[in-house]
2 protein chains.
Amino acid sequence: MVTDSEVPADGTIQLLWGLRDGPTRGPKPVLSLERIAQAAVDIADAEGLAAVSMQRVAADLDFTKMSLYRYVTGKDELVAAMIDLAAGDPPVVAELPGRTWRPRIEAWVRLLGEAWDAHPWLPWVTMGDRVMGPNETGWTEASAAILAETGLSVPERMALARMLGGHVRATMSVSTAGTQPWVSRRQAALLEEHADRFPVLVTMLRDGEPDPPDNGREFGLRLILDGVERLIAERTS
Amino acid sequence: MVTDSEVPADGTIQLLWGLRDGPTRGPKPVLSLERIAQAAVDIADAEGLAAVSMQRVAADLDFTKMSLYRYVTGKDELVAAMIDLAAGDPPVVAELPGRTWRPRIEAWVRLLGEAWDAHPWLPWVTMGDRVMGPNETGWTEASAAILAETGLSVPERMALARMLGGHVRATMSVSTAGTQPWVSRRQAALLEEHADRFPVLVTMLRDGEPDPPDNGREFGLRLILDGVERLIAERTS
DNA sequence: AGCCAACTGTGTCCTATAGATACTGTTTCC
DNA sequence: GGAAACAGTATCTATAGGACACAGTTGGCT
């Protein structure tokens with residue numbers, strides 16, 4: 001298992017994109033990549049990513065650990081398969097509501113949010129250099145199609161798409177951001193104790209309203225897209 | 001080691017905030033939390049997070065693995081100490097350039113970016129529910145102080161601060177975002193092969209200019225802050 | 001029809017990891 | 001000056017991913 005950033009092997013690509021040529025002879029495979037990945041996703045959804053071990057996945061399928069290695073070269077590949085399975089089918093752009101880019105990309109963000117919120121472990125596993133699978137690429141394609149209308153440059157559009165994906169990630173229900181939503185009980189107590197060092201935070205803590213239930217997803221989305229609109233307006237004038 | 005989100009123990013708080021009461025009797029401690037954390041940070045900076053094991057950290061200090069457990073209850077605490085050490089001293093708000101919130105928060109983002117870019121492993125380790133140490137809290141305090149001027153509500157200000165931190169994280173030089181900056185060689189080849197399924201991406205790939213060297217950090221920063229300005233303008237009118 | 005090569009799934013072994021526990025020796029307070 | 005409290009060590013355990021050799025199964029070729 002690679003915890004660090006690492007260039008994925010070619011094998012992973014073949015796996016994700018169905019380029020592995022199936023064998024002709026030999027016993028019929030009883031397992032399948034799909035079943036394995038699904039079992040792993042189920043475990044991760046229910047008990048967290050840490051519960052996903054080769055042993056555990058195999059046990060849930062009533063097979064031995066080593067049998068999984070016939071379908072997957074290692075845990076990294078399993079995780080890659082999990083990711084694309086969890087990402088799910090991307091939305092069809094033509095079916096998105098609205099006729100301009102803004103409502104459509106808003107819908108895209110909300111759908112992506114729903115998909116990701118169902119798999120709180122995704123952020124932990126979608127970091128670093130990776131190769132996207134078909135589903136993930138489909139999501140990217142959808143966003144790119146929507147944003148083509150903005151007239152932004154290609155790098156700008158991709159930066160924006162990445163940004164929106166990152167925003168979804170940072171506003172997941174299971175807080176994945178570095179800081180809390182926005183302070184835990186413990187953190188609050190700690191701030192009170194050091195009120196002299198952090199006067200602004202303590203004041204905010206005392207008279208601030210509670211957090212929005214969406215972790216600021218809609219708020220941040222609005223900020224970004226307002227910024228995009230302003231940029232477009234500046235350029236067209 | 002906890003790979004999953006987990007509420008940190010009280011002990012970690014005491015460690016980070018210097019609340020651990022030092023012993024009076026017994027031999028003088030030769031090691032120190034600072035030395036241990038620094039050694040771990042050095043390893044992570046040089047060889048990546050995966051190279052940081054108790055064994056390795058201890059070896060670099062010429063001690064046995066188990067001696068570290070006198071200063072740290074486990075690897076989680078070590079990582080927590082690494083984070084606050086790597087975050088470094090927050091900037092002094094009064095010394096930031098500019099007289100309004102915008103140039104100041106821009107400077108804050110750039111400084112945070114520099115601090116984080118020096119420690120590419122930080123994103124991997126600053127996910128999930130955590131308790132912030134003094135340094136990290138100091139960075140948050142600084143951003144909160146700067147954004148107080150905006151007139152946004154408390155949750156809005158904190159959401160914005162979190163967002164900016166997340167933006168820095170998502171635009172680190174070592175790509176930490178889910179998607180590449182924006183496509184790797186391999187991914188590009190794959191797209192070409194499936195040009196029918198991803199027409200928009202393939203077109204962008206063909207006639208797009210190269211990516212900006214900053215991964216779109218400045219671009220995204222501008223979008224967000226433009227959005228903030230528009231929000232403020234709407235409310236004051 | 002039969003045989004061999006290719007394959008699936010299993011059992012065993014190896015390495016690295018975090019950590020528990022019992023120890024040896026040192027320091028300081030009573 | 002003695003005993004409690006501590007620092008660092010040595011040894012052991014559990015769990016992880018994964019290598020490797022094997023037994024049984026299947027299809028293609030002669």
Side-chain angles (χ1 to χ4, degrees), chain A residues 1-4 6 8-9 11-12 15 20-37 39-40 43-44 47-82 121 124-125, chain B residues 1-4 6 8-9 11-12 15 20-36 39-40 43-44 47-82 124-125:
Chain A
M1 178 65 169
V2 175
T3 44
D4 225 327
E6 192 157 303
T12 305
L15 181 91
R20 212 94 105 189
D21 16 335
T24 50
R25 306 195 238 186
K28 304 285 183 198
V30 185
L31 273 170
S32 70
L33 176 61
E34 288 70 31
R35 279 184 64 196
I36 294 173
I43 295 171
E47 301 171 44
L49 199 61
V52 178
S53 69
M54 294 290 165
Q55 191 79 254
R56 176 61 196 284
V57 174
D60 278 23
L61 292 164
D62 274 311
F63 282 83
T64 60
K65 177 183 64 167
M66 290 315 293
S67 67
L68 305 186
Y69 288 92
R70 290 283 168 195
Y71 301 85
V72 153
T73 62
K75 193 170 180 184
D76 291 326
E77 275 197 9
L78 172 58
V79 171
M82 288 173 69
W121 45 272
W124 272 266
V125 115
Chain B
M1 179 64 173
V2 174
T3 44
D4 225 327
E6 193 156 302
T12 305
L15 180 90
R20 210 94 105 191
D21 15 335
T24 50
R25 306 194 238 188
K28 304 284 182 198
V30 185
L31 273 170
S32 71
L33 175 61
E34 288 70 30
R35 280 184 63 196
I36 295 172
I43 296 170
E47 301 171 43
L49 199 61
V52 177
S53 70
M54 293 290 165
Q55 192 81 253
R56 176 63 194 281
V57 174
D60 278 22
L61 291 164
D62 274 311
F63 281 83
T64 59
K65 176 183 64 167
M66 291 314 292
S67 66
L68 304 186
Y69 288 91
R70 291 282 169 195
Y71 301 84
V72 151
T73 62
K75 192 169 179 183
D76 291 325
E77 275 197 9
L78 172 57
V79 171
M82 288 174 68
W124 273 266
V125 115

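The shown structure was predicted, so the numbers you read here are calculated from the model rather than taken from an experiment. Every chain is numbered from 1, with letters handed out A, B, ... down the list of sequences.
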Enquirer: What contact category does Phe63(A) fall into here, base, sugar-phosphate, or nothing, at under 4.0 angstrom with non-hydrogen atoms?
Expert: sugar-phosphate
Enquirer: Taking CD1 from Ile36(B) and P from dA18(C), how many angstroms apart are they, rounded to a whole number?
Expert: 14 Å
Enquirer: In whole angstrom, what separates Asp76(A)'s CG from dA16(D)'s P?
Expert: 16 Å
Enquirer: Between dT8(C), dC29(C), dG8(D), spot the one nearest the side chain of Thr24(B), thanks.
Expert: dC29(C)
Enquirer: Go through dT27(C), dT10(C), dG17(D) for me and flag the one nearest to the Pro27(B) side chain.
Expert: dT27(C)
Enquirer: Please give, in whole Å, the distance from dG19(C) P to Glu77(B) CD?
Expert: 10 Å
Enquirer: Is the base of dG28(D) touched by the side chain of Arg25(A) through a donor-acceptor pair closer than 3.5 angstrom?
Expert: no
Enquirer: Find the distance Lys75(B):NZ to dA20(C):C1' and express it as a whole number of Å.
Expert: 18 Å
Enquirer: List the steps, then state whether side chain to side chain contact (heavy atoms under 4.5 Å, CB included) holds for Val57(A) with Ile36(A).
Expert: CA-CA 7 Å; Val57(A) 174; Ile36(A) 294 173; 4.1 Å; yes
Enquirer: Test side chain to side chain contact (heavy atoms under 4.5 Å, CB included) on Arg56(B) and Glu47(B); report intermediate values, then the result.
Expert: CA-CA 11 Å; Arg56(B) 176 63 194 281; Glu47(B) 301 171 43; 2.8 Å; yes
Enquirer: In whole Å, what is the span from the CZ atom of Arg70(B) to the P atom of dC6(D)?
Expert: 10 Å
Enquirer: In this structure, how many angstroms lie between the P atom of dG19(C) and the CD atom of Gln55(B), rounded?
Expert: 13 Å
Enquirer: Scan for side chain to side chain donor-acceptor pair (under 3.5 Å) pairs involving residues 23-34 of chain B, sequence neighbours excluded, and state none if there are none.
Expert: none
Enquirer: Report which part of the nucleic acid Met66(A) touches: base, sugar-phosphate, or nothing (heavy-atom distance under 4.0 Å, all strands).
Expert: base
Enquirer: If you assign each of Gly26(B) and Thr73(A) to its closest nucleotide in DNA chain D, which residue comes earlier from the 5' end?
Expert: Gly26(B)
Enquirer: Report yes or no: does Tyr71(B) contribute a side-chain atom to a donor-acceptor pair with the main-chain N or O of Leu31(B) at less than 3.5 Å?
Expert: yes
Enquirer: From the set dT8(C), dG18(D), dT27(C), return the single nucleotide nearest to any side-chain atom of Tyr69(A).
Expert: dG18(D)
Enquirer: If you compare every side-chain N and O of Ser67(B) against the phosphate oxygens of dG8(D) (OP1, OP2), does one of them come in below 4.0 Å?
Expert: no
Enquirer: Any side-chain to backbone donor/acceptor pair from Lys75(A) onto Val52(A)? Under 3.5 Å, distance only.
Expert: yes
Enquirer: Nearest whole angstrom, please: distance from the C1' of dC7(C) to the CZ of Arg20(A).
Expert: 15 Å
Enquirer: Hey, which sits more toward the 5' end of DNA chain D by its nearest nucleotide, Lys65(B) or Lys28(B)?
Expert: Lys28(B)
Enquirer: What is the distance from CZ of Arg35(B) to P of dA7(D), rounded to the nearest Å?
Expert: 15 Å
